[in-house]
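Below, chains carry the letters A, B, ... as their sequence lines are ordered, and counting in each starts from 1.
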Amino acid sequence: MSDRYQFDVIEKKWQEYWAANNLFKTTEEAGLEKYYLLEMFPYPSGKLHMGHVRNYSIGDVVMRYMKMRGYNVLHPMGWDAFGLPAENAAIQNGIHPFVWTQDNMEEMKVQLKRLGIAYDWDREVATCKPDYYKWTQWIFVQFFKHGLAYKKKNPVNWCPSCETVLANEQVVDGLCERCSTVVGKKDLDQWYLKITDYAERLLSGLEGLPGWPEKVKLMQKNWIGRSVGAEVDFPIEGSDKKLRIFTTRPDTLFGVTFMVLAPEHPYVAELVEGTGQGAAVDEFMHRLQYLSDIDRASTTLEKEGVFTGKYVINPLSGTKAPIFIANYVLMDYGSGAIMAVPAHDQRDFDFAKKYGLDIVPVIEPENPEIDLDRLEEAFISDGKMINSGKFSGLPNREGIARITEFIEKEGIGKKSINFRLRDWLISRQRYWGTPIPMIYCSECGWNPEKEENLPVLLPTDVKFTGKGESPLTTSKSFEDAKCPVCGRSAKRETDTMDTFLDSSWYFLRFCDSQNEAEAFSKDNAKYWMAVDQYIGGVEHAILHLMYARFFTKFLYDIGSCSVDEPFTNLLTQGMVLKDGRKMSKSIGNVVPPDVILKKYGADTARLFILFASPPEKELEWSDAGVEGSYRFLNRVYRLAAELAEAVAGAPGSYAAVTGADKEMDYMMNYAIKKVSNDISTRFSFNTAISAIMELVNEMYKYKERADRSEGLVKKALDSLILLLSPFTPHICEEMWQMAGHSGCVYKAEWPAYDESALVMDVTEIVIQINGKVKERIMASSGLDRDGLAEAALSDPKVKALLEGKKVERHVAVPGKLVNFVIRA
RNA sequence: GCCGAAGUGGCGGAAUUGGUAGACGCACAGGACUUAAAAUCCUGCGAUCCGUGAGGUUCGUACCGGUUCGAUCCCGGUCUUCGGCACCA
C-alpha cells in the first residue's frame with residue numbers, strides 16, 4: 001500500500017485478481033433476476049479507438065451498477081470478424097485473413113482487459129469461426145426453407161474498385177460506402193432475403209419499443225417507408241393488356257393526362273412496336289445507359305422522357321392519355337409505372353411543362369389566390385374535388401376512400417400498400433465471409449447443403465487477387481459438390497454473405513455460445529432474451545438494428561426464439577471529437593487510447609470520457625480535461641489513504657449531532673440518491689460524477705473539524721468508494737481494501753440512502769417581487785404557503801421593499817419561493 | 001426539397017415536473033507553502049453600471065413575439081448548425 005496513487009500497479013493488480021477469481025463469469029441462475037447488457041461488438045481492426053473506449057466504458061458502468069444491485073448480469077463480448085479489411089490485408093501483405101483477424105482479436109482483447117471492462121470472456125464469439133458461421137448458414141437455410149431466400153438476376157450496384165456488389169444501403173450519395181468510388185450497375189444472379197415480407201411488422205413493432213430513442217425509430221420508419229394508396233389498371237388502347245400503376249392519390253384519377261413507365265418496364269418493347277417511335281425510344285434508352293447512378297438518382301436532374309406511341313384509356317373518365325417512358329420513374333417501386341397528374345404532382349408538372357402536355361386540375365384550393373388555370377407549380381395540398389364526375393364536390397381526403405371503394409367494386413383496382421424497403425441483397429463476391437450454403441444441380445436447381453453437412457467451410461486454397469469474381473472460384477475443390485436432393489455432381493455457390501447477417505443474431509449466440517448441437521438452446525435464449533440494454537453508435541440506427549430485428553422476428557416465427565424484438569432498450573452514444581471534428585487518420589487528430597492508458601491509466605480515461613459529456617451527445621476530447629480527471633482521482637486517493645487509517649476502529653453507526661454533521665450526512669445521502677438515480681433512470685453519468693465530486697469536496701471540509709464524528713467519516717468514505725466503483729473500478733477496489741474491507745467492491749452491495757437525512761431543519765427560500773429575485777431567507781422546512789408568506793413578510797428587507805406598495809397577491813411554493821405581485 | 005434534433009459563460013457542460021440560470025469540471029487571475037519549480041491548499045471568475053468599501057442596479061439561455069405571478073423549459077415565427085432521407089408516385 002502506498003500513499004501515492006500508482007495507477008499502473010493498482011490496475012494490474014486488480015485485473016489479475018478479477019481474472020484469477022473468474023469474477024465476471026455468468027450462468028443461468030433461476031433464482032436471480034436477469035439483466036442482459038450488450039455493447040455492439042467491434043470489427044477487429046487491431047486497435048481500439050476512443051469510440052470503443054466510450055462505448056465499453058458506458059456499458060461497464062451499467063454492468064457494475066446492476067451487479068451491485070443484485071442482478072444476474074450477462075455482459076458478453078465478441079468479434080464481428082468477417083469483412084473487407086482482412087481480405088485487403090491478404091491482398092497487400094499476403095497474410096491470410098484468418099491470421100490477420102486472429103492477431104487483431106487477441107490484441108484488442110488485451111486492450112479491453114486493460115480497460116478493466118467486466119466481460120464474461122467464456123462466452124466470446126468470433127463470427128469468422130466455423131463453430132459460429134455454421135449457425136449463420138443454418139439460419140440462412142431456414143430462411144430458404146421458408147421461402148424467404150431466393151436468387152434473382154438483377155442489375156445490382158457494383159463497385160468497380162472493390163469489384164463487388166453493394167446493397168442499396170451501402171451506396172451513399174451514389175458512392176461506395178467503403179472506398180467512395182462511383183457505383184455502377186451490373187447484371188448478376190444474386191441471393192436476396194425477403195425482408196419486405198416483414199415490412200409491416202418491422203414498422204408496427206417500433207411502437208412496442210418505448211426504450212428506443214425516438215430519432216432511431218423515426219429513421220427506421222422512414223426507411224421502411226409505408227405508403228397507402230391504390231393499384232389501378234389502365235386498359236391500353238388497341239391491346240388486351242392493362243397497365244397497372246400504384247398511386248397514393250386515387251382522388252386525382254380524373255386529372256390523369258399521361259402515363260409514365262420506368263425505362264426498364266417489361267412492356268416497353270411491345271408498346272413501341274409498330275408505332276414509329278422505335279428510333280426515338282432507342283436513342284433515349286441508349287443515353288440513359290451511360291448515366292451513372294449518381295446522376296440518375298439526382299433530384300436536380302431534369303426530367304426527360306419519350307413518347308411510346310401508345311395510349312391508355314382512363315378507366316374512370318374514359319379519356320385517352322399518352323404513355324411515356326421517363327427517367328424519373330423507378331422500376332423497383334410499385335409497378336414501375338405511374339399515372340401522371342401534373343396539376344397535383346410537382347414531378348408530373350415539370351414533365352408536362354417540358355413536353356407541352358395537358359394540365360387538368362381536379363382539386364380546388366381553399367385559397368382563392370391560387371389560379372388553377374395559370375398554375376406556376378403543382379397544387380399538392382388538400383381541397384375540394386372538381387372535374388371528377390360524380391365525385392366532384394367531395395373533400396379530397398374523403399374522395400380517396402370513396403374512389404378506392406368504387407374501383408374495387410368495379411374491378412378496376414384495389415387498395416394497396418407499398419413500402420420503400422427493398423429485399424436485402426446478401427451475395428458478396430468476397431472470400432472473407434460466411435459461404436452461402438447452397439448447391440446448384442442442373443436437374444434439381446438450387447438446394448441448400450444438408451444440415452448435417454454444415455458448416456460449408458471456407459476453402460484455404462484460394463488466390464487473393466482483389467479482382468474479378470469471388471476468390472472461392474479459385475479453389476480447386478470448393479465448387480464441386482453433390483446435389484443434396486439427387487446426389488448427382490453439382491456446383492456450390494461461390495459467393496459469401498453480407499457480413500450484416502453475421503451480426504444479426506450474435507446476441508442470441510451469446511446466450512449459449514458453446515452449444516455444438518444448435519445455434520442456441522431455446523431455454524437459455526428464453527432465460528436471457530431480450531437484451532435489456534443495448535449500447536452502440538448511432539451509425540447502426542438503420543441497417544444493423546433493422547436486420548437484427550428481422551432475424552429475431554423470423555426466429556420467433558419458426559419457434560427458435562421466445563421474443564420477437566431483440567433489444568428492449570437502446571442507447572446510441574455520440575461520437576468522440578477532437579477540435580470539433582471526428583477523430584480520423586486523414587485529419588491527423590486521433591488520440592490513441594493506449595497512449596492515454598499508459599500516461600494516466602484506465603480509471604482516468606474512463607472517468608474523463610464519462611464525465612465530459614452525457615453519453616448520447618458528442619464528446620469533445622480535451623487533454624486538459626483528462627488531466628483534471630487524473631487530479632480528481634489523486635485527490636480521492638489521498639483522502640482515502642488519510643482517512644482509512646484514522647477510522648480503522650471507528651464505530652459502525654453514527655449520530656449526526658452538530659450542524660456540520662448534518663451537512664456531511666446530507667451530502668452523503670444526497671450523493672447516494674443522485675448517483676443511483678442518474679445511473680439507473682437517465683444514464684446521466686456526467687452529473688452522477690459531479691455529485692461524487694461534491695461529496696469529496698464536502699468530505700475534505702468535514703474531516704478538518706475537531707468535532708467530526710468518526711462513524712460518519714467511515715460511512716462517508718465507504719459510500720464514496722462504492723458510488724465511484726462502477727466508473728473507476730480499479731482504484732475503488734484498492735481503496736475498499738485500504739478501508740479495511742475483505743471482499744472486493746465488485747461484489748459489494750450498492751449503498752442505500754436515508755431519506756430523513758435529506759430533510760434539513762431550515763431551507764433557503766427565495767423571495768421574488770414580480771418574478772424577480774430580491775432576497776433569500778432561511779425558513780423552517782415544514783412551512784406551508786401561508787407560513788412562508790408570513791416568514792417572508794417579517795423579513796426586514798422585504799418589508800422595506802414592499803413599503804407603500806400594494807401587494808395584489810402572492811404565490812408561495814413550499815420549499816422553494818414566495819413571489820409578491822405588486823402594481824407597477 | 002422533405003423529416004428530425006440542437007443552439008446556455010473563454011471552454012465541456014448543469015438546471016430531472018414552468019419556480020434561485022451557470023452545479024461540477026477545465027482554462028485563467030491572485031494568494032499560501034517552497035531557495036525555486038512541480039504538486040497541493042485557499043480566493044475570485046457571465047456582462048454592465050453605481051459604490052473607496054460592504055453591497056447593490058440593470059441586462060443575460062441564438063433572434064422576434066405570445067401565454068403565465070413566474071419561461072433555458074410551453075406556444076407561434078425567424079436564423080444557424082448538425083443528423084437522416086432524397087425523383088418512392
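- Checked against B/U16, B/G19, B/G84, the side chain of A/K816 finds its nearest nucleotide in B/G19.
- With its glycosidic angle within 90° of 0, B/G9 adopts the syn conformation.
- Proximity of A/K215 to the phosphate of B/G83: no side-chain N or O atom is located under 4.0 Å from OP1 or OP2.
- The C1' atoms of B/A86 and B/G76 are separated by 29 Å, rounded to the nearest whole Å.
- For A/A612, whose side chain is taken as the heavy atoms from C-beta onward, the closest listed nucleotide among B/C85, B/G12, B/A15 is B/G12.
- Atom pair A/Y670:OH and B/A23:P shows a separation of 13 Å (rounding to whole Å applied).
- Base pairing of B/U35: no nucleotide in any strand meets the Watson-Crick or G-U wobble criterion (both distances under 3.5 Å).
- With both pairing distances under 3.5 Å, B/G9 is matched to nothing as a Watson-Crick or G-U wobble pair.
- The gap from the P atom of B/U8 to that of B/C82 amounts to 14 Å, rounded to the nearest Å.
- Each of B/C24, B/C85, B/C41 was ranked by its minimum atom distance to the side chain of A/R420; first place goes to B/C85.
- Between A/E627 atom CD and B/C26 atom C1' the separation is 11 Å, expressed in whole Å.
- Proximity of A/R809 to the phosphate of B/C69: a side-chain N or O atom is located under 4.0 Å from OP1 or OP2.
- For A/N770 and B/U20, the CG to C1' distance is 17 Å, given to the nearest whole Å.
- Spacing between B/U58 and B/C74 at atom C1', rounded to whole Å, works out to 27 Å.
- With both pairing distances under 3.5 Å, B/C74 is matched to B/G66 as a Watson-Crick or G-U wobble pair.
- Spacing between B/U48 and B/A36 at atom P, rounded to whole Å, works out to 36 Å.
- Side chain of A/H344 to main chain of A/V362: a donor-acceptor pair is present (N/O by atom type, distance under 3.5 Å, no hydrogens or angles).
- Using a 4.0 Å heavy-atom distance criterion, A/V813 is classed as a base contact.
- Separating the CD1 atom of A/I767 from the C1' atom of B/G19 is a distance of 14 Å, rounded to the nearest angstrom.
- As rounded to the nearest Å, B/U72 and B/G19 have P atoms that lie 10 Å from one another.
- Among the heavy atoms of the strands lying under 4.0 Å from A/N697 are primed sugar atoms or P, OP1, OP2 only; no base atom is included.
- For B/A89, the OP1/OP2 oxygens have a side-chain nitrogen or oxygen of A/S227 closer than 4.0 Å.
- A distance of about 26 Å separates the P atoms of B/A5 and B/U20, rounded to the whole Å.
- In this structure, the nucleotide among B/C24, B/A14, B/A89 sitting nearest to the side chain of A/L330 is B/A89.
- With hydrogens and angles left out, the side chain of A/Q768 and the base of B/U20 share no donor-acceptor pair within 3.5 Å.
- Listed candidates were B/A23, B/U20, B/G19. Nearest to the side chain of A/E694 is B/A23.
- When ring centroids are compared, A/Y547 and A/W424 come within the 6.0 Å threshold.
- The nearest heavy atom of RNA chain B to A/V538 and to A/M339 marks one nucleotide each, and the one closer to the 5' end goes with A/V538.
- As judged by a 4.0 angstrom heavy-atom cut-off over every strand, A/G628 is placed among residues touching the sugar-phosphate backbone only.
- As the counterpart of B/G4, B/C82 is assigned, both hydrogen-bonding distances of the Watson-Crick or G-U wobble pattern falling under 3.5 Å.
- Closest contact between the side chain of A/K774 and the listed nucleotides B/U20, B/U57, B/C24 involves B/U57.
- Look at the P atom in both B/C85 and B/A29: the space between them is 47 Å, to the nearest Å.
- The P atoms of B/C63 and B/A71 are separated by 15 Å, rounded to the nearest whole Å.
- Between A/F820 and A/H810, the ring-plane angle classifies as tilted under the 30° and 60° cut-offs.
- Between the CG atom of A/N686 and the C1' atom of B/G22 there is a distance of 15 Å, given to the nearest Å.
- Set against B/G19, B/C3, B/G12, the side chain of A/L218 has B/C3 as its closest nucleotide.
- Across all strands, A/S622 comes closer than 4.0 Å to no nucleic acid atom at all (heavy-atom distances).
- Atom CZ of A/R631 is separated from atom C1' of B/A38 by 12 Å (rounded to the nearest Å).
- Looking only at atom types and distance, the side chain of A/T687 has no donor-acceptor partner in the side chain of A/S690 under 3.5 Å away.
- Among the protein residues, A/V766 comes within range of the nucleic acid bases, having at least one heavy atom under 4.0 Å from a base atom.
- Counting non-hydrogen atoms under 4.0 angstrom, A/E214 reaches nothing in the nucleic acid.
- The shortest distance between the side-chain N/O atoms of A/K772 and the OP1/OP2 oxygens of B/C59 is below 4.0 Å.
- Taking the six-membered ring for Trp and thresholds of 30 and 60 degrees, A/F246 and A/Y333 have ring planes more than 60 degrees apart, a perpendicular arrangement.
- If you check B/C28 for Watson-Crick or wobble pairing at under 3.5 angstrom, you find it paired to B/G44.
- A/E627 and A/Y600 form a side-chain donor-acceptor contact under 3.5 Å, judged by distance and modelled atom types alone.
- Protein atom CD1 of A/I769 is 16 Å distant from nucleotide atom C1' of B/G19, rounded to whole Å.
- For A/V329, the side-chain atoms get nearest to B/A89 when compared with the rest of B/A89, B/G84, B/A14.
- Partner of A/D233 under the salt bridge (Lys or Arg N to Asp or Glu O under 4.0 Å) criterion, chosen from A/K242, A/R244, A/K414: A/R244.
- In this structure, the nucleotide among B/A14, B/C41, B/A86 sitting nearest to the side chain of A/W223 is B/A86.
- Rounded to an integer number of Å, the gap from A/D623 CG to B/C26 P is 14 Å.
- For A/Y328 and A/F351, the ring centers sit closer than 6.0 Å to each other.
- Of the possible donor and acceptor atoms, none in the side chain of A/R606 sits under 3.5 Å from a partner among the backbone N and O of A/T728.
- Closest to the side chain of A/F611, out of B/G12, B/U16, B/A23, is B/G12.
- Each of A/N819 and A/G336 lies near RNA chain B, and the nucleotide nearest A/N819 is the one positioned closer to the 5' end.
- Applying the 4.0 Å criterion to OP1 and OP2 of B/A39, one finds that A/R638 has every side-chain N and O outside that range.
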